[in-house]
Protein chains: 2
Amino acid sequence: MKRINIADVAQKAGVSPTAVSFAFNKPEQLSRETVSRIRMIAVEMGYMPNPMARALIAQRSGIIGVLLPQPLSTVLANPYFHTFLQGISSMCDEQALSLMTLSPMNGSLDQAIARSPVDGYIIVGYNEAHHEVSLLRKRGIQYVLVDGDATRAPSVNIDDESGAYEAAKYLIQKGHRDILILMLDTAFGHADEQVHGVAMRRMHGYRRAYDEAGVAWRHEWVRPSVSSMLGGEQNFDAAYEQGLRPTALLGAADAIAIGAIQAAIRRGLRVPQDLEVIGYDDSLLANLIQPRLSTVHQPIFEKGRVALELLIGEWEAAAERITDVRAKQVRLPTHLVLRGTTT
Amino acid sequence: MKRINIADVAQKAGVSPTAVSFAFNKPEQLSRETVSRIRMIAVEMGYMPNPMARALIAQRSGIIGVLLPQPLSTVLANPYFHTFLQGISSMCDEQALSLMTLSPMNGSLDQAIARSPVDGYIIVGYNEAHHEVSLLRKRGIQYVLVDGDATRAPSVNIDDESGAYEAAKYLIQKGHRDILILMLDTAFGHADEQVHGVAMRRMHGYRRAYDEAGVAWRHEWVRPSVSSMLGGEQNFDAAYEQGLRPTALLGAADAIAIGAIQAAIRRGLRVPQDLEVIGYDDSLLANLIQPRLSTVHQPIFEKGRVALELLIGEWEAAAERITDVRAKQVRLPTHLVLRGTTT
DNA sequence: TGCCTTTAGTAAACCAATTTAGTAAATCGG
DNA sequence: CCGATTTACTAAATTGGTTTACTAAAGGCA
């Protein structure tokens, strides 16, 4: 079963392939009857122009790629990304763009990038200095960084530091001194990974509140956790078994905080009476659990929209050959939202 | 800033474009030094073969398209799809495939299909008879239907009917007679849409339990709801204001059931003491709310995996020109899971 | 030295469209 | 009635690669 092409239609209609192309793209170049005859035959034969050939010649596919730091199956387990992707896709719908998610293929982004027919990238969680990112720059492909450090490339970030600062300050002001901090593990950079700006900034925010209040920063009360409910559970348990007895908890992501709460409840603690908890992100999950999670709100949905807006701006700048414009660095605000896990 | 192509690299290396292609794809055709020289220059220039050209000639892009019934931003609000997409993407990761989501573009799937360079489709929530689906068949593009009725095309469904039957039977056996049923609105087919098989089968399952127990089926106790928490809330409220006082509730989707529970709690009802609730799907949400939702479990993750497996099977069959093999119709089992919203 | 094989590379065809330049035939004005 | 323009259509170039068929030079062997 061979897929029919423009030549097949042309032959059946007794015209040249050019005429078939015109019938769809420039009907005014042909007589009215010829156009309708060609279209009739095309529909009848089930013809549709080959998207690859079309994208090749048009030098654009109408697809944007979202470069993710983890396999898609992992990302989809994270409510933060649900909202973020919703933001991007709401903009996609408006702009008639398609969305393609790209994850590292057996560890490397290179392969994923190499075979993706996309017009530009939204890159999540990588810094400008990252190898694959600089390759894209070299190749002249437009991209926008999200949650990654950049100076030359356009980027969207949030005010991680001040959100964290507010959260820690709130707990300290309420008199808590034994605060367990479950930090993103990316703040502690493994050998092969770059230290991640987001995690660092959140840590600095917590730290600043401690310093300003004159509270000692104790390293054994700060634990790295993977950003998932399971990570939060395991780290709370581990801290408890080390003999720590926190009266409050700062989770650098909602999922971590929620996991920790479940571990705490399992140990008979009452939230918030025995343990006050503040998460980070204000993902949808925060509002679904009981008691509802106090957390640092960030505009996740808007972040996705803004990222795509910037990317579209890059295309326009490239089309008009504006290269000296300073890349836009957007920083969205954060704020503390107090709900049921604080008193 | 022009994107460099194979000819640029060839020129700089003083060889033909063919040699550059060989350096990457068939290095044994060239001398060792030439290969390494070309590769050096390619890296230096930041060259990477154009994915569209590559896909055009290879007649495959390594991308699979997931055709969704709603805009992506709507789909991502639904926990059912999170798990489903996770299932597909776990398989994608293994097979080194990329995943692209496709939603109707201003109402029409046609456009979305026309510009998508994909090797095959997983089509969610459409029947075989649907116009766009039959177009794909005509064009010889492989696809698999999920949650849609099919006889000729391969499909993945679940045992909607018996899951619903079990749920309704359980509540009836416990003595409930005033059961509010919040049905999927797709069971009541609008003018421009086809009646949706999933919704119909679930309704028939509920109905069969009523009939077998000799309980009267009262239409005013069955309400169509959109598949979201908001839909569940609004419909519970509406039913209550009509004077209905249910002692139990069947939600044809978890989101509906959860929304209804929140509306019920707001009215001072205790769940499960005053209102027993059984949802449908067993999405992750069901385990996160308090009390944990009793529901009909379906293997959502596996459904995604199986769908992609079938699609890969289609490719293989097409490659071997096997056309007379009967298309595989997979039906996965469902079962009732009792948690905290039933006594 | 002559013939055959291997090696290393290139020219040209091809994938499936779009677009530019060009060509007949028909129409029009003077 | 003749040159100019319009109409309706086509041939050929282009997009950026891959692949097949071919060629020239080098090496092997009698």
Side-chain angles (χ1 to χ4, degrees), chain A residues 1-39 41-42 45-63 113-119 139-141, chain B residues 1-39 41-42 45-63 113-119 139-141:
Chain A
M1 183 148 183
K2 190 206 147 208
R3 223 146 119 180
I4 59 146
N5 60 23
I6 199 170
D8 299 328
V9 179
Q11 194 178 11
K12 191 147 192 175
V15 294
S16 70
T18 310
V20 178
S21 178
F22 281 158
F24 289 100
N25 304 313
K26 288 184 182 161
E28 68 276 10
Q29 297 270 325
L30 300 175
S31 70
R32 230 174 302 279
E33 310 104 65
T34 311
V35 169
S36 61
R37 184 164 49 89
I38 292 174
R39 284 196 181 157
I41 290 171
M45 297 178 80
Y47 168 71
M48 187 163 272
N50 182 315
M52 289 124 176
R54 206 183 241 264
L56 175 60
I57 195 158
Q59 300 287 60
R60 55 173 261 118
S61 60
I63 305 172
I113 293 174
R115 19 184 284 186
S116 305
V118 304
D119 295 341
R139 290 185 186 125
I141 302 171
Chain B
M1 181 151 183
K2 189 207 150 208
R3 223 146 120 178
I4 58 148
N5 59 23
I6 200 170
D8 300 327
V9 178
Q11 194 179 11
K12 191 149 191 172
V15 294
S16 69
T18 309
V20 178
S21 177
F22 281 159
F24 289 98
N25 304 315
K26 287 187 182 161
E28 69 276 8
Q29 297 271 326
L30 301 176
S31 70
R32 231 174 303 278
E33 310 105 64
T34 311
V35 168
S36 61
R37 185 165 49 89
I38 291 174
R39 283 195 183 161
I41 290 172
M45 296 178 81
Y47 169 71
M48 186 163 270
N50 183 315
M52 289 125 175
R54 209 181 237 265
L56 174 60
I57 196 157
Q59 299 286 61
R60 56 174 257 119
S61 60
I63 305 171
I113 292 173
R115 20 184 282 187
S116 304
V118 304
D119 295 342
R139 290 187 186 122
I141 302 171

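Side-chain atoms are counted along with the backbone in the values below, which use heavy atoms only and exclude waters and symmetry mates. Within every chain, numbering begins at 1; the chains are lettered A, B, ... in the order of the sequence lines, protein sequences first and strands thereafter. Being a predicted model, the structure only gives us computed values, none of them experimental.
OP1 or OP2 of D/dT18 sits under 4.0 Å from a side-chain N or O of B/R54. When the side-chain nitrogen and oxygen atoms of B/Q59 are compared with OP1 and OP2 of C/dA16, one or more of them lie within a distance under 4.0 Å.
Listed nucleotides C/dT18, D/dC9, D/dG17 differ in distance to A/I57; the shortest reach to its side chain belongs to C/dT18. Taking the side chain of A/L56 as heavy atoms from C-beta on, and the options D/dT10, D/dG16, C/dT10, the nearest nucleotide is D/dG16. Set against C/dA11, D/dG17, C/dA17, the side chain of B/N5 has D/dG17 as its closest nucleotide.
If you find the closest nucleotide of DNA chain D to A/E28 and to A/P17, the one lying nearer the 5' end belongs to A/E28. Comparing B/A53 and A/K26 by the nucleotide of DNA chain C whose heavy atom lies nearest to each, the residue mapping closer to the 5' end is B/A53.
What separates CD of A/Q29 from C1' of C/dG22 is a distance of 13 Å, to the nearest Å. Distance A/M52 CE to D/dG16 P: 17 Å, rounded to the nearest Å. For the pair B/I141 CD1 and C/dA16 C1', the interatomic distance rounds to 14 Å; values are reported in whole Å.
Remark: the A/T18 side chain and the C/dT18 base include no donor-acceptor N/O pair separated by less than 3.5 Å.
Looking only at distances, no side-chain donor or acceptor of A/S116 sits under 3.5 Å from a matching main-chain atom of A/V118.
Here A/F24 lies out of heavy-atom contact (under 4.0 Å) with every strand.
Shown are A/I38, A/V35, A/V15, A/L30; of these, the side-chain contact (heavy atoms from CB on, under 4.5 Å) with A/F22 is made only by A/L30.
The line from CE of B/M52 to CZ of A/R54 is 13.0 Å long, rounded to the nearest 0.5 Å.
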